[in-house]
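Given the structure is predicted, the values throughout are model-derived calculations rather than measurements. Order of the sequence lines fixes the chain letters, A, B, ..., with proteins taken first and strands second; residue numbering starts at 1 for each chain.
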Amino acid sequence: MSVRIATWNVNGINPRIDRVTGWLQSAAPDVVCLQELKCTPEQFPQEKLAELGYEAAVRAGGRWNGVAVLSKLGLEDVTIDLPGQPEFDGAVEARAVGATCGPVRVWSLYVPNGREVGHAHYEYKLQWLEALRQVAAEDASGARPFAVLGDFNVAPKDEDVWDIAKFDGATHVSELERTALIELQKSGLDEVYPRALKYDIPFTFWDYRMLGFQKNKGMRIDHIYGNAPFTAAVKDAYVDREARRPGKKDAPPSMAPSDHAPVVADLEL
DNA sequence: ATGGTAGTTCGACTA
């Protein structure tokens, strides 16, 4: 069977609900990992997504964070939060939800930003990635197709940001963050590297400020890592930068874009 | 040029 799996940081699902549902209808993914819902569980637009044929596993946290797995292939063994997920300020945040969708098991992940190298949030980010590695290592070794998808807030290589000189000493490009991703891969996951639909590097994020998208000042920080049964089934993968394009002048606010673009993988399972 | 934009608990904080 053909299965289309996507990950998308929507930066608030309700303010841009028509942008999201429009993309779901046109791209027609079977499984979608969403991040930055920025809503409470009650505010999650369950019915609008059900109308499009999606069941949803939701880990909403209110004002910040929030992740979900949408599936047209069924939804089983939902896991809220990573086993062993570290806390920040005494709370386990809404950054991880796992689910089995028909033949594939996925996690939707929103890795902590880190704020500044050396900040407590940066240490939290590194701990979080280590907790993820431990969880992923178990499922990665199985025969079932398995992937972790989401906003990792790490650019794996220098070319994955628009100007590495501007990121000197910054988070997202530091050696420890990149090492954490390499360690994740060593646990049995390979990156599903997407095609760019324009330009050389398939950036997934462009800051709203300073015409970031228009000038292609982007970053490649949203990723898909799959185990061998998953990556062997991948036929194509791409970043849908059109979904990041600003709306037309008279478009309603609900059509405003996220600052991230979806990453899409097509599998034959 | 230390700015700019957008989301949230309406306004300081996060990204």
- For atom P, what is the distance between B/dT14 and B/dT9, given to the nearest Å? 15 Å
- Note on the structure: Apart from A/Tyr199 itself, members of its ILVMFWY cluster (side-chain separation under 4.5 Å) are none
- Atom C1', compared across B/dG11 and B/dA6: separation rounded to whole Å: 14 Å
Acceptor/donor pairs from residues 228-237 of chain A side chains to any protein atom, 3.5 angstrom cut, sequence neighbours excluded:
| from | atom 1 | to | atom 2 | distance (Å) |
| --- | --- | --- | --- | --- |
| A/Thr231 | OG1 | A/Asn227 | O | 3.3 |
| A/Thr231 | OG1 | A/Ala228 | O | 3.3 |
| A/Asp236 | OD1 | A/Arg195 | NE | 2.9 |
| A/Asp236 | OD2 | A/Arg195 | NH2 | 2.8 |

- Please measure how far the C1' atom in B/dA15 lies from the corresponding atom in B/dG4, and state the result in whole Å. 13 Å
- Note on the structure: Outermost contacting nts on DNA chain B, any atom under 4.0 Å from chain A heavy atoms, listed 5' then 3', are B/dG4 to B/dA15
Mind listing the side-chain donor-acceptor pairs of residues 245-255 of chain A below 3.5 Å, one per line with the distance, residues two or more places apart or on another chain?
| from | atom 1 | to | atom 2 | distance (Å) |
| --- | --- | --- | --- | --- |
| A/Arg245 | NE | A/Glu242 | OE1 | 2.9 |
| A/Arg245 | NH2 | A/Glu242 | OE2 | 3.1 |
| A/Ser254 | OG | A/Asp18 | OD2 | 2.6 |

- Any residue meeting side-chain contact (heavy atoms from CB on, under 4.5 Å) with A/Val161, in chain and number order, not counting sequence neighbours: A/Ala155, A/Ile164, A/Phe167, A/Val173, A/Met219
- Note on the structure: Looking only at heavy atoms, the pair that brings A/Asp30 and A/Ser2 closest together is OD2-O, 3.9 Å
- DNA chain B nearest-nucleotide lookup for A/Arg16 and A/Met210: closer to the 5′ end is A/Met210
- Query: Using a cut-off of 4.0 Å on non-hydrogen atoms, how would the nucleic acid contact of A/Phe213 be classed: base, sugar-phosphate, or nothing?
  - Reply: nothing
- Rounded distance in Å between the P positions of B/dT2 and B/dT8: 29 Å
- Message: Using heavy-atom distances to pick each residue's nearest nucleotide on DNA chain B, tell me which of A/Gly61 and A/Arg115 is more 5'.
- Response: A/Gly61
Which side-chain N or O atoms in residues 43-53 of chain A pair as donor and acceptor under 3.5 Å with protein atoms at least two apart or in another chain?
| from | atom 1 | to | atom 2 | distance (Å) |
| --- | --- | --- | --- | --- |
| A/Gln43 | OE1 | A/Thr40 | N | 2.9 |
| A/Gln43 | OE1 | A/Thr40 | OG1 | 3.3 |

